[in-house]
Amino acid sequence: MPKLKTNSGAKKRFVLTGTGKVKRRHAYHSHILTKKTTKQKRNLNKVAILDACDNKRVKAMIVVS
């Protein structure tokens, strides 16, 4: 059977933590930044943990076993 490939888009967007959670970055921080306040942009810079309902789907795209 051939090797399975990881999803290229997912590997650029998500990172697995040591405990198995999935880290993601906030959206809306790369387009039309002139309208956003400095506080908004600073808060969009932070990393968030992916919701539990999406964990299984994203892990399947990142981790190929």
For Ser8, all residues meeting side-chain hydrogen bond (donor to acceptor under 3.5 Å, both in side chains), sequence neighbours excluded: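 None.
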
All side-chain hydrogen bond (donor to acceptor under 3.5 Å, both in side chains) counterparts of His29, not counting sequence neighbours: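 Here the qualifying residues are Asn45.
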
Nearest-0.5 Å distance, CG of residue Asn7 to CZ of residue Arg57: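 Reported to 0.5 Å precision, the distance equals 11.5 Å.
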
NZ-NZ distance between Lys5 and Lys11, expressed to the nearest 0.5 angstrom: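 So the NZ of Lys5 and the NZ of Lys11 are separated by 9.5 Å.
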
Shortest non-hydrogen contact from [X] toward [Y]:
X	Y	result
Lys36	Lys41	O-CE, 3.5 Å
Ile62	Thr6	O-CG2, 2.9 Å
Met61	Ala10	CB-CB, 3.8 Å
Tyr28	Leu33	O-CD2, 4.3 Å

Sequence-distant partners of [X], side chain to side chain contact (heavy atoms under 4.5 Å, CB included), two or more places apart:
X	result
Asp51	Cys53, Asp54
Lys39	Thr37, Arg42, Asn43
Lys23	Val15, Thr17, Val47, Ile49
Ala48	Arg24, His26

Heavy-atom check, side chain of Leu16 versus side chain of Val22, under 4.5 Å: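 In contact.
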
